[in-house]
Each structure stands twice: as C-alpha cells, then as structure tokens.
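The structure under discussion appears below in the form of structure tokens.
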Amino acid sequence: MPATSLVVGYDELAALKLLALDGALESEVKVSCADLADRLDASNQTASRRLQRLDDAGLITREIVSNGQWIAITDDGAWELKREYEDYRRIFENLSGVDLSGTVTGGMGEGRHYISLSGYMAQFTERLGYEPFPGTLNIELTTESVRARSAMEALDPVPIDGWEDGDRTYGPAVCYPATVETADGDSYEQAHVIAPERTHHDEDQVELIAPAKLREELGLDDDDHVTVHVEEAP
C-alpha cells in the first residue's frame, strides 16, 4: 500500500486537482501561493502547507524561485487523482463492478503449480475461453480497496469446480472478469481475478490470471501501482 494515502487528505487532493487543471500532469507549471490560496478559499499559509504535504508525500515535485514555484505532478500524484476519478465514475455513470487499487507484489510460487493442474486447466479453457499463463499476478490492495473487495461477493463469477485426481482433492474456485490498468494508462482486458478456496493470501491481496504473462505485457515490476476493474461474469 502506498504511504501517500496515509499522508494526504481531501484538502491536499483538492490542491492537487487544481494543479492538474493548470497542466501540471503534462509539464511543470508556475504556481503562486497567493493565487492557489484564492482558488482554495484559504490563507497563503494554508496553501503553502498543502503544497508542502503533497511534496513530502511524493505527489509533486517543486522548485521554489523568487516569484513562485515550478510544480509538476509525479506518477504517484497522477495515481491518486485517478483513484478519485474512478470513484466519481462509479457515482455518476452507475457502473457495475468493483475497482480495486494496489501495488504489484511477488507471489509464493503456488499459482504456477495449481493453474497448471489438468483438472483446473480444462475448466479454464472451457469456461474462460483461454489457457492461462502458468502463474498469477499478485496485487497488494490499498486499505480502501480491502474494504471495497467485499463488494465482489455481489457479482456473479465464473465457477471452477473442485476435482480429484485419485490421490487428493482440489478445492473449487471462482473467477471474475477483470481489466488491469497501469498508472501510465496501459491496460489488459482479458484477465480474471481468481479466488481459490485454499490460499495463503489474506484479504489484502488478489491474484489474477490471463492468457499472457501480465508482468511482461504491461511492463510491471514490484511496487508498481495498478487498478483492477472487476466485472460480473456474462
């Protein structure tokens, strides 16, 4: 989970939004504390503190000059704004599904083994329409997304039945159609969140499968921010 969400609040995000409207997502912009204070209906000191907090959280970069500040929004800052955007989309566009945000993390290696088992692979091919890459993309969720994850229970998944191979029994699983989107706006649509009955992952993580290796397809490394758009099965 990114530390930024623990540092800044709605007041700082309001300032970040104004900076984005001024073009700070694309390039550096010249900012006056007095002008920003007027637009925030706050004092110069308050506006200065909000910029300082955004800087401390790594959401902006600043170069202070004699007549103002040159400010640019970082990738982490853009990600925070995007989270706000997705919330408003759900409010006004009446979207069905759940948006989960988090960071890429290393797995325990179990996904490769279980996904490759014939009893699961045959069902994936038949019910999902593809043979998954033998491995999962593991996402550690933000605090907000850990809470939002419970909304997935209201969505209809693709069921994957449990089965036996003569030596042991393997538990059932559920798969939810999902689109994975990076902080840079690249996306991969043909993925699924998989929730096996037996897993060592806590509720603060989700696992994804896809026909391709998602890390390579999206150029992902550990700690990269992603948003997972989870939908109901057709």
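When hydrophobic clusters are built by joining Ile, Leu, Val, Met, Phe, Trp and Tyr residues whose side-chain heavy atoms come closer than 4.5 Å, directly or via intermediates, F133 is not grouped with Y114.
Environment of CG in D41: sparse, with no more than 12 heavy atoms of neighbouring residues, nucleotides or ligands closer than 6.0 Å. Shown here is Q52, whose CD atom has more than 12 heavy atoms of other residues, nucleotides or ligands within 6.0 Å.
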**Asked** Could you go step by step and tell me if D224 and T103 meet the side chain to side chain contact (heavy atoms under 4.5 Å, CB included) rule?
**Response** CA-CA 5 Å; D224 282 350; T103 53; over 6 Å; no
**Request:** Please report the C-alpha distance between V65 and W70 in whole Å, then the side-chain angles of each, then the deciding distance to 0.1 Å, and finally whether the side chain to side chain contact (heavy atoms under 4.5 Å, CB included) criterion is met.
**Result:** CA-CA 8 Å; V65 293; W70 286 99; 4.0 Å; yes
**Message:** Please evaluate residues L16 and I73 with respect to the criterion side chain to side chain contact (heavy atoms under 4.5 Å, CB included), reporting the C-alpha separation (whole Å), side-chain torsions for both, the decisive distance (0.1 Å), and the verdict.
**Reply:** CA-CA 8 Å; L16 189 65; I73 296 175; 3.9 Å; yes
**Request:** For side chain to side chain contact (heavy atoms under 4.5 Å, CB included), just list the numbers for R149 and V206, CA-CA rounded to whole Å, side-chain angles, deciding distance to a tenth of an Å, and then say yes or no.
**Result:** CA-CA 9 Å; R149 177 181 174 150; V206 293; 3.4 Å; yes
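A salt bridge between D222 and R215 is present, with a side-chain N of the basic residue lying under 4.0 Å from a carboxylate O of the acidic one. Ion pairing between a basic and an acidic side chain is recognised when a charged N comes within 4.0 Å of a carboxylate O; R50 and E12 show no such pairing.
The side-chain contact (heavy atoms from CB on, under 4.5 Å) test with I71 is passed by exactly one of T61, D55, L51: L51. Of the candidates R39, K17, K30, R39 is the only one forming a salt bridge (charged side-chain N to carboxylate O under 4.0 Å, His left out) with D22.
For Y176 and H229, the distance between ring centers is not under 6.0 angstrom.
Ring geometry for H192 against Y130 counts as tilted: the plane angle lies between 30° and 60°, on a 0 to 90° scale. Between H225 and W79, the ring planes are parallel. Angles under 30° get that label, and only those over 60° would be called perpendicular.
Proximity of a side-chain donor or acceptor of T125 to a complementary backbone N or O of M121 within less than 3.5 Å is detected.
There is no side-chain donor-acceptor pair under 3.5 Å between S187 and E181.
Of all heavy-atom pairs between C175 and I209, the closest is SG-CD1, 4.3 Å.
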